[in-house]
Amino acid sequence: MNDTENLDSELGNSTSSRRIFLKQSSALAALAMTPPTAVAAVNTGIQEKIATALEQMPLRLTINGKVQQLSIEPRVTLLDLLREQLHLTGTKKGCDHGQCGACTVHVDGARVNSCLTLAMTTEGCTVTTIEGLTVGDPATTLLHPMQEAFIKHDGFQCGYCTPGQIMSAVACIREGHANTPEEVREYMSGNICRCGAYANIVNAIMDVKKKGARV
Amino acid sequence: MNPFQFTRVTTPKAAISAVTKESGTYFLAGGTNLIDLMKREVILPERLVDINRLPLATIEKTATGLRIGAMAKNAAVADNELVKKHVPLLSQALNAGASAQLRNMATVGGNMMQRTRCPYFYDPSMPCNKRSPVQAGPDKGRANGPSGCGAIGGHNRMHAIFGASNKCIAVHPSDMCIALVALDATVNVSGPKGDRTIPFSEFHRLPGDLPQKDNTLLPGELIMSVDLPTNRFADNSYYLKVRDRASYAFALLSVGVGIDMKRGTIQDVRLAMGGVAHKPWRLTAAEAFLKGKPATEANFKQAATLAMQGAKGYGENDFKLTLAPNAIVDALKTATKTA
Amino acid sequence: MTNKTKNPPIDRIDGRMKVTGGAKYFADFELPNTAYCVIVGSEIAKGAIASLDTQKAQGAPGVVGVFTHQNMPPIPGWDAPVGGEADGPAPKPKTEETYRILSSPKILFDGQPVAIVVADTYERATYAASLVKVTYTKQAPRTDLEKHLSEGVAPKGAEGGNYLRGAADGYKTAPVTLEAHYTIPVEVHNPMELHGILAHWTDDKQLMIYAKTQGVNATQNAMAQAFKIDPKTIHVHTEFMGGGFGMGLRTWPQETAVVAIARKIGRPLKLVMNRSQMFTLVGHRPYTVQTINMGADQAGKLIGIAHAATAETASYEDFTEATVNMTKFMYACPNVSTRYRIVRLDRSVPIWMRGPGEATGAFALESAMDEMAHKLNLDPIDFRLRNYSETDPERNRPYSSKNLKEAYQRGADAIGWKERRNQPGSTRDGGWQIGYGMSTGVFSAFRWEASARALLKADGSLTIQSAVTDIGPGTGTALTMIAHTVLGVPLNRIRIEYGDTSLPKAPTQGGSAIVSAVGSAVYDACTAIKTELMQLALKAGGPLAGQQTDELTLADGVLSVSAEPKKKVAVSDLMQANKLTVIDKTKDSKGSPEQEKYSMYSFSVHFVQVRVNPLTGVVRVSKAVSVADSGRIVSPKTAASQMIGGVAGGIGMALTEEAIIDHRFGRFVNNNLADYHVAVHADVPAIETIMIDKPDPIINPMGAKGMGEIALIGFAGAVANAVFNATGQRVRELPITPDKVMQKLT
């Protein structure tokens, strides 16, 4: 067991080596590609701060109207980027394999599973999460019609799948796939609700659709 | 996920060059299957080439039918007016697959490249010849896991009844491909040695002794587009998918039907099944039998019997020997509106 | 009394937080310098670790530590059961085997943690975990209950005893008999939220935990026991929980391990398990095989029932549940015997899953009732009515309330039961067969001890506090409604704080008991405030002096004389006059000995219409009606949601859910949400819920009984019975998948 060593290096001052390395690697970073040495560095276990610099790539995208200029590892999914780095925890991890829909967000207007989306593939894209449906403090702000409808029809219980259901529901109407309850059920089937609020969710979506509010 | 290099390309030429240069390099399109497999440590790429910026997403009418770009999203194809009008079977099949979110991500080319859903393939601690064609030695670690076929003698409820080998009884999981094989599609690919066209029925392959090979693509080849010839099946098309829940589930089996019918007589017919073989399974004997015959239940049953020749169960999937002919009859009845 | 009138439907009080993404579940909390950990699970189900190589993982970027049985920091309380529920039911009797996480090379079940890898990011921890190399000495696992049925043992405790009323084989003497075997596969709770924990030792003695638990006090106690520290030094927070369905009814060993490692590394540590680990590390509904023998006379009177159940448990812990209990009292039947056995296998331990054993048992009993009704050529409702128990035949005492006859009637009317033909296979719609089925559900109504605090401020606002967790049923909403009803404070002036150990103690959320338990405490605390307000108003010199308590009404912040509304005083004025800024009452509440004279149960009836495609075997639930007889409904809107949730869960249980083990490896082959099929939108039709909504006079001041379990209990039986009615095929092994229903082409 040598976790103390790791703890030491974690706390140790490796800024200088990192700075030197970053200087050397700036040309490589400009290629928008992690150089092969990064993988080698990881496998040989060289200074991890250097590895960190090597592993990361630039990413620029717009999230909820805000331009984000980031530096991330290519293996970071959009879901983990949102939750663990950008403090947007409204988007949930339910399965991490595209099998439940809790992580649904909009990328360039299309609903997708953010858990199977490498963040790097969203370069230049516009991402909307549940936090982006409204502006301001969630406790007081004016809600989106779909959010209002979910409250009115009690379209949730534990609430964990709810952000994904709502993002999916908004897209469902925008896509034109909310014409009948049957169609809604089919096109919402990528969002699992284990509490079983389905019937109320369908009612909420049909209500919004019928009222014709702009979603 | 293991660390990997990430490259973004904007031209097919650059994509092919990038993937050819070094081994362990994979194209990344929608990622719905590849990222999943990477998270499960079934595939451990050293490099990913992001091809999402390739200008290959067009759906257009051609002199001989329709051309669908390889990077067209499944949802875009399913909702495309040309597709719905001329090849509704394709739209139906696409909409029977996955979820709205996944269809927004997955591409036509990626859908064709899907790996099997066999649980033994997906779990690197279980034996699988497709994942580990050669038994990993002790020094190779667990990246590949044990070889062998876990499904033979194991849980094979979802598995093949046609064309399997003693190395592999997995099935191809795509719905879209069932429609494409039924509709006589061809696949346009580009590779380091140039462009070529592959008939869809020859794109996927049976496992034989090389279960690790799902298809006949050569190293470095990139799917550019799929061509669909003009047909007369639009009015009598049906995709029947039998699955364990009403949506968002892989097929126990599926049947794709396209019929050109005049006054109750079948002028021409296309029939294919999914969830029964390592490749989309075209039912040519049943087609030949039905051609020129009246659309009657008796004929459907006889066609179904013909379709089942050579079928073999592996235990848990024996029920497919009954379900398959039933489903063929049910699909034919629905497509001919004689249900 | 609040139970005299029906309560209005109100919106869920935490709805806004849930629809905006503002609701914070354990993994959403952020603490500076948090490390992430990932569990490496065993790939074998029985044997031992032969070798363990963590060097590569140690050397991977960002790795803080790799913890295995060789270097796991000590957990001082390991001389006591780890993770046993400290606050709920008693810890299970010890078996010969013991399981202590990361304490030995011995492998007792598939997925058992063999290492926990800690790194500075989630990605790095996950990758490093893949670098841990483990080799095993394998032994053949025993995981197949069907192969080991003969090894059943009677568990210690209440559920191990055989029950007998009349003659054990009384059913044999009946003119009409049946014997049937029913099987329920392993089902997995699979709440949408992944399990895990975020633990932070603010110093060596102070522990902050963000948990996924159905009881913060239970987690607090379990950790106090494990680390031998004062519970008061442990702060547990679970305001929002992304579903539990029973899997959060105990503190799991990996939670304790994370807390121990967090202390060792001296920084906050977060574990979010993956979906596959949800199948092995947080319990499941056990595979259960049941046999029912039933006898009745031609007049449709039950003569005898014998109900035997055998369920799997772990080699290292006995799990038991009340699978056979419903049979003891549901029907008036002179001869009843039940037997419950468990088989210890190389499996991870089960835990109660929604409706727990009662749902398993109800599938068998209510299927058998349908089978017998068919044999007798009786309508299934009629058959049940002929054997209706007006009093509890098990304990020979009255029910505290039972309106099941009304429930049968109203449900039958709503589903269109008169369309049902008693002869199976006689209704068709094109290529589809139509069938109707029904089933009864029942679950004990509890009144556990709980405490709550109510604070009425002079500005007219009211705060309610209780440590109870709201896992989704709408606990907070129901408690708000109770406070509103007692004190007349407008709903928007009531604030509720819950899910935190800094608040008054409450039981673990489970057993459909929370509105009854915590609701009563809220009722009592609010009533104490009301009493004080009245005393202030009525005392000599008070504004309403001379009146009697029962002449007063309290509503909208005003205390008035009911008969003369002009005689009134504003609560705020009353408090100001008495120099009170707040009236603060905390109450412990529990049931009275009077309740011992009654049997208290909630009842449900489920009705379904199914459509069956005989060619493909596909079954669709096309209509569903669920009726609840659970006393006064406190919060009609959230209660209805619980009922529709039970239907969705019931459809899954009936048609799709089954966790499949390859017994050669003792390992699941469908441990993910693509292959373990919980119901999706397309599986669930519009649902009609009916509430009988009549107060129970015995259980608690609200007259309210539980809802969560009865929403599910019995539903699977209703579907199986409907499939039989549609097709003539009786499926006794859940789930009812297409292969079990399709009919051969003729």
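In what follows, chains are A, B, ... by sequence order, proteins preceding strands, each numbered from 1.
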(request) Examine whether an atom of A/Lys92 lies under 4.5 Å from a heavy atom of chain C, and if so say whether it belongs to the side chain, the backbone or both; otherwise answer neither. (result) side chain
(request) Locate the shortest heavy-atom distance separating C/Leu194 from A/Gly94; write the atom from each residue and the value. (result) CD2-O, 3.5 Å
(message) Please identify, among A/Leu143, A/Val202, A/Ile166, A/Thr162, the residue contributing the most non-hydrogen atom pairs under 4.5 Å to chain C.
(response) A/Leu143
(request) Please tell me if the side chains of A/Cys158 and C/Ile471 come closer than 4.5 Å, counting only heavy atoms from C-beta onward. (result) no
(message) For A/Glu55, is there an ion pair with C/Arg124 - N to carboxylate O distance below 4.0 angstrom?
(response) yes
(message) Counting only non-hydrogen atoms closer than 4.5 Å, does A/Leu133 touch chain C with its backbone (N, CA, C, O), its side chain (CB onward), both, or neither?
(response) neither
(request) Let me see the working for A/Cys100 and C/Met192 under side-chain contact (heavy atoms from CB on, under 4.5 Å), right down to the final yes or no. (result) CA-CA 8 Å; A/Cys100 80; C/Met192 296 318 296; 3.4 Å; yes
(request) Would you name the heavy atoms of C/Gly21 and A/Pro163 that are closest together and state the gap between them? (result) CA-CG, 4.4 Å
(request) Kindly indicate whether the side chain of C/His189, heavy atoms from C-beta on, has any atom under 4.5 Å from the side chain of A/Arg194. (result) no
(request) For the pair A/Arg185 (side chain) and C/Pro685 (backbone), establish whether a donor and an acceptor sit closer than 3.5 Å, ignoring hydrogens and angles. (result) no
(request) Report yes if the side chains of A/His97 and C/Leu673 come closer than 4.5 Å at any heavy-atom pair, otherwise no. (result) no
(request) Between chain A and each of C/Gly646, C/Gly242, C/Gly266, count heavy-atom pairs under 4.5 Å; write down the option with the most. (result) C/Gly242
(request) Enter the distance from C/Glu123:CD to A/Ile72:CD1 here, rounded to the nearest 0.5 Å. (result) 8.5 Å
(request) Under 4.5 Å, counting heavy-atom pairs only, tell me which of C/Ile644, C/Ile651, C/Thr121 racks up the most with chain A. (result) C/Ile644
(message) Taking every non-hydrogen pair under 4.5 Å, which of A/Cys193, A/Ala197, A/Ala139, A/Pro181 racks up the most with chain C?
(response) A/Ala139
(message) For chain A, which candidate among C/Ala648, C/Gly645, C/Gly649 shows the most heavy-atom pairs at distances under 4.5 Å?
(response) C/Gly645
(request) Look at A/Arg83 together with C/Asp28 and state whether they make a salt bridge at an N to O cut-off of under 4.0 Å. (result) yes
(message) Using heavy-atom distances under 4.5 Å, tell me whether A/His87 contacts chain C through its side chain, its backbone, both, or neither.
(response) both
(request) Heavy-atom distances under 4.5 Å only: say whether C/Asn672 touches chain A with side chain, backbone, both or neither. (result) both
(message) I'd like to check C/Tyr36 versus A/Glu84 (side-chain heavy atoms, cut-off strictly below 4.5 Å). Are they in contact?
(response) yes
(message) Between C/Phe245 and A/Cys195, is there a side-chain heavy-atom distance shorter than 4.5 Å?
(response) yes
(request) Heavy-atom distances under 4.5 Å only: say whether A/Gln165 touches chain C with side chain, backbone, both or neither. (result) side chain
(request) For the residue pair A/Tyr187 and C/His681, establish whether any side-chain heavy-atom pair is separated by less than 4.5 Å. (result) no
(request) Heavy-atom pairs under 4.5 Å with chain C are the metric here; pick the option from A/Glu186, A/Lys93, A/Glu131 that has the most. (result) A/Lys93
(message) Are the side chains of A/Thr141 and C/Arg16 in contact, using a 4.5 Å heavy-atom criterion?
(response) yes
(request) Look only at the side chain of A/Gln147 and the backbone of C/Val19, and say whether a donor-acceptor pair between them is shorter than 3.5 Å. (result) yes
(request) Measure the CG-CZ distance between C/Asp14 and A/Phe156 for me, rounded to the nearest 0.5 Å. (result) 7.0 Å
(request) Tell me whether the guanidinium CZ or amine NZ of C/Lys18 lies under 6.0 angstrom from the six-membered ring centre of A/Tyr160 and within 45° of its axis. (result) no
(message) At a 4.5 Å cut-off on heavy atoms, which part of C/Ala686 comes close to chain A: side chain, backbone, both, or neither?
(response) both
(message) For C/Thr638 and A/Asp154: C-alpha separation, side-chain torsions, deciding distance, then whether side chain to side chain donor-acceptor pair (under 3.5 Å) applies.
(response) CA-CA 7 Å; C/Thr638 53; A/Asp154 209 35; 5.7 Å; no
(message) Determine whether a donor-acceptor pair (N or O, by modelled atom type, separation under 3.5 Å) exists between the side chain of C/Lys637 and the backbone of A/Lys152.
(response) yes
(message) Any non-hydrogen side-chain atom of A/Gln85 less than 4.5 Å from a side-chain atom of C/Tyr122?
(response) no
(request) Answer yes or no: are there more than 12 heavy-atom neighbours, outside C/Glu30 itself, under 6.0 Å from its atom CD? (result) yes
(request) Counting only heavy atoms closer than 4.5 Å, note whether A/Asp96 contacts chain C via side chain, backbone, both or neither. (result) side chain
(request) Without swapping roles, check the side chain of A/Tyr198 against the backbone of C/Ala679 for a donor-acceptor pair under 3.5 Å. (result) yes
(request) Please look at C/Ala27 and chain A and tell me whether the side chain, the backbone, both or neither of the residue comes under 4.5 angstrom of a heavy atom of that chain. (result) both
(message) Tell me every residue that passes ring-ring contact (aromatic ring centres under 6.0 Å, His included) with A/His106, counting only those two or more places apart in sequence or in another chain.
(response) none
(request) Using a cut-off of under 4.5 Å on heavy-atom pairs, state which of A/Asn191, A/Thr91, A/Ile201, A/Thr134 scores highest against chain C. (result) A/Ile201
